[in-house]
Amino acid sequence: MKKYITTAIPYVNGDPHIGHAMDYCLADVYARYLKMKGNEVRVQAGTDEHGSKIYQKAEELGISVDEYVKQNSDKFKEFIAKLNVKYTDFIRTTDPEHERRCQEIWRRISDHIYKAEYEGWYCTGCERFITDKEVSENNGICPDHQKAYEKLSEENYYLRISDYKERIIEAISSGELLILPEFRKKEILKLIEDSPDVSVSRPRSHLPWGVEVPNDPEQVMYVWMDALSNYITVLGYPDVDISDYWPAEAQFVGKDILRFHAIIWPAILLALNLPLPKTIVSHGFVLADGQKMSKSIGNVVNPVEVLEKHGTDAFRYYFLRHIDTFSDSDFTWDKFEKAYNNELANDLGNLVQRLATLISKNDVEIKLVGLGLDDEFSKLMNKFEFSKAFDYTWGKVQDINKKIDEEKPWVLAKNGETEKLEKVLNELANSLVSVNKMLSPFLPATSKKIASVFEEGEITPPREPLFPKQ
RNA sequence: CGCGGGGUAGAGCAGCCUGGUAGCUCGUUUGGCUCAUAACCAAAAGGUCGCUAGUUCAAAUCUAGCCCCCGCAACCA
């Protein structure tokens, strides 16, 4: 089977942060799992490079926008590589092919787009429209710029969400378009009901850096139009038949951008007469000590620092097991260190060491029977309950440690019970190899090392501990 | 009364739908073991299950009211 998985494309006005890592890791785990099941999997990644903020930032830095976005896009590529996340397709929204395809998409859905006047409060400092609520909260004055908001009107294009509202609501509530977790689905369903038509363009004067609206050089596409399209333009749409891979098996997004993916995106797809993605998985935020990470509080955890501390798999371990797949969870250095030492080093690393030693010391021949994937594990993975699946897998790791203590192979060896010893160690080795399969989507490098110890000829303990204690 | 989620051992959570000895992981203490990265295994301590009332032989679980926390309400992963 051919499957397609997408990640959200980050806006490149800053460095990669820990939230981006969540997206990549989750998508990667699912992709590796599907591959293990024998599917042909395509994984998209990319960068969102249009919009006025980027334009401004480049100007501030005194470099060309092209150069600025290229630099930042490369940073993300590097970051993804550091996470050992594999993608098959990388898209940059400033890629001319993408821009052309976007315009073609616009043409194809133009029956559902109309032009209208938009009037609202505008801050010339922020260069954006401000919601009525925000205006009243700030008493009509922008706190960042100490300037009064101005009433401004402009002509924009609108996407008629109302044409598809019923259809989208139906698809989401029936599960045809599955939104995970359930509580987000409820939120979205409520949100769609009240969703007005969406503005999908800006006058070029406000948004100089973007994709031009076909047949209207004065208007530029709203970044979400351009960004959402990436999921199919990267496959070659509309030049190429994408039906092998579209609809996507799963689209991974942060909870903050779920609404665009669950409202605007389905509307665009329906207007194009394309099927809706099968699943949108919305993950939570990583909190630092219970608080949202923010530059002003100064509690931002640098993902690269975490990666470098104990390596990629330790990073993946913490973020895939101790950060819940769906809800917000905490990162603290203390928890990370504990997880590394007590779980990775003691439970798993030590298990590999002791079992390999037992086998090699006693010169026991191991026959691998090639067990299939655990049903319970598959069940959890199919529901995108990755942290629970990982928990389950870890329970199996601990079971093997327990079993070793119960069977006491060292006693069997001492008493010369070779037959029993052989049987016990074979059972244990087979269990570990089968658990290792479950580990492989989560900890690919570690899993490879374990496989090389137990599945490639003579078994000798790894020369270097898998996870050296610190 | 905007919508939604939640309040269970020091921490993080499960159990609630389908009432019946309050459970898991980490941490703490004690014991066991020696194959192993002083790792592993076992046991113990620790909870008025937010508060109040109701239904019931029996409520963490069902009902009602109240208190508190959090998420969402258009561009912040």
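Fair warning: this is a prediction, and the values are worked out from it, not measured in the lab. Residue numbers start from 1 in every chain, and the chains themselves are labelled A, B, ... in the order their sequence lines are given, proteins ahead of strands.
Between the base of rC75(B) and the side chain of Tyr222(A) there is a donor-acceptor pair shorter than 3.5 Å. Counting distance only, with no hydrogens placed and no angle test, the side-chain atoms of Asn350(A) and the base atoms of rA36(B) include a donor-acceptor pair under 3.5 Å.
Remark on RNA chain B: of its neighbouring residues Arg321(A) and Ser199(A), the 5'-side contact belongs to Arg321(A), judged by nearest-heavy-atom nucleotide.
Considering Asn341(A), Asn346(A), Asn350(A) in turn, Asn346(A) is the only one that fulfils the side chain to side chain donor-acceptor pair (under 3.5 Å) rule with Lys469(A).
With distances taken from any side-chain atom of Lys53(A) to the nucleotides rU37(B), rA36(B), rC76(B), the minimum falls on rC76(B). Of the candidate nucleotides rA77(B), rU37(B), rC26(B), rU37(B) has the atom lying nearest to any side-chain atom of Ala345(A). Among the nucleotides rA36(B), rA39(B), rA73(B), the one closest to any side-chain atom of Thr357(A) is rA36(B). Considering only the side chain of His20(A), rA77(B) comes nearest among rG71(B), rC35(B), rA77(B). The side chain of Asp256(A) lies closest to rC76(B) when the candidates are rC41(B), rC76(B), rU37(B). Nearest to the side-chain atoms of Val223(A) among the listed nucleotides rC40(B), rC35(B), rC75(B) stands rC75(B). For Asn346(A), counting side-chain heavy atoms from C-beta on, the closest listed nucleotide (rC33(B), rC75(B), rC40(B)) is rC40(B). Distances were taken from every side-chain heavy atom of Lys186(A) (C-beta onward) to each of rG71(B), rA77(B), rG5(B); the shortest belongs to rG5(B). Side-chain proximity of Gln353(A) to the nucleotides rG71(B), rG27(B), rA36(B) is greatest for rA36(B). You'll find that the side chain of Lys190(A) is closest to rC3(B), out of rA36(B), rC40(B), rC3(B).
Residue Gln398(A) has no polar side-chain atom (N or O) positioned under 4.0 Å from OP1 or OP2 of rA42(B). Between Lys402(A) and rA42(B), a side-chain N or O to OP1/OP2 separation shorter than 4.0 Å is present. Under 4.0 angstrom from either OP1 or OP2 of rC35(B) there lies no side-chain N or O belonging to Asn362(A). Close to rA38(B), at under 4.0 Å from its OP1 or OP2, lies no side-chain N or O of Lys469(A). Dashed line: the shortest gap from a side-chain N or O of Lys335(A) to OP1 or OP2 of rA11(B) is not under 4.0 Å. Checking the phosphate oxygens (OP1, OP2) of rA36(B), a side-chain nitrogen or oxygen of Lys361(A) falls inside 4.0 Å.
Using the six-membered ring where Trp is involved, His322(A) and Tyr318(A) have ring planes that are tilted, between 30° and 60° apart.
A salt bridge links Lys388(A) with Glu385(A): the distance from a Lys NZ or Arg NE/NH1/NH2 to an Asp or Glu carboxylate oxygen falls below 4.0 Å.
Phe386(A) is not listed as a side-chain neighbour of Cys25(A), based on a closest heavy-atom distance of 4.5 Å or more.
At a threshold of 4.0 angstrom between heavy atoms, the contacts of Gly19(A) include nucleobase atoms, whether or not backbone atoms are also involved. Within 4.0 Å (heavy atoms only), Asp347(A) reaches sugar-phosphate atoms of the nucleic acid but no base atom.
A donor-acceptor pair under 3.5 Å is formed between the side chain of Asp197(A) and the backbone N or O of Ile161(A).
Every pair passing salt bridge (charged side-chain N to carboxylate O under 4.0 Å, His left out) that includes a residue from residues 314-324 of chain A is listed here, sequence neighbours excluded: Asp28(A)-Arg316(A), Arg321(A)-Glu343(A), Arg321(A)-Asp391(A).
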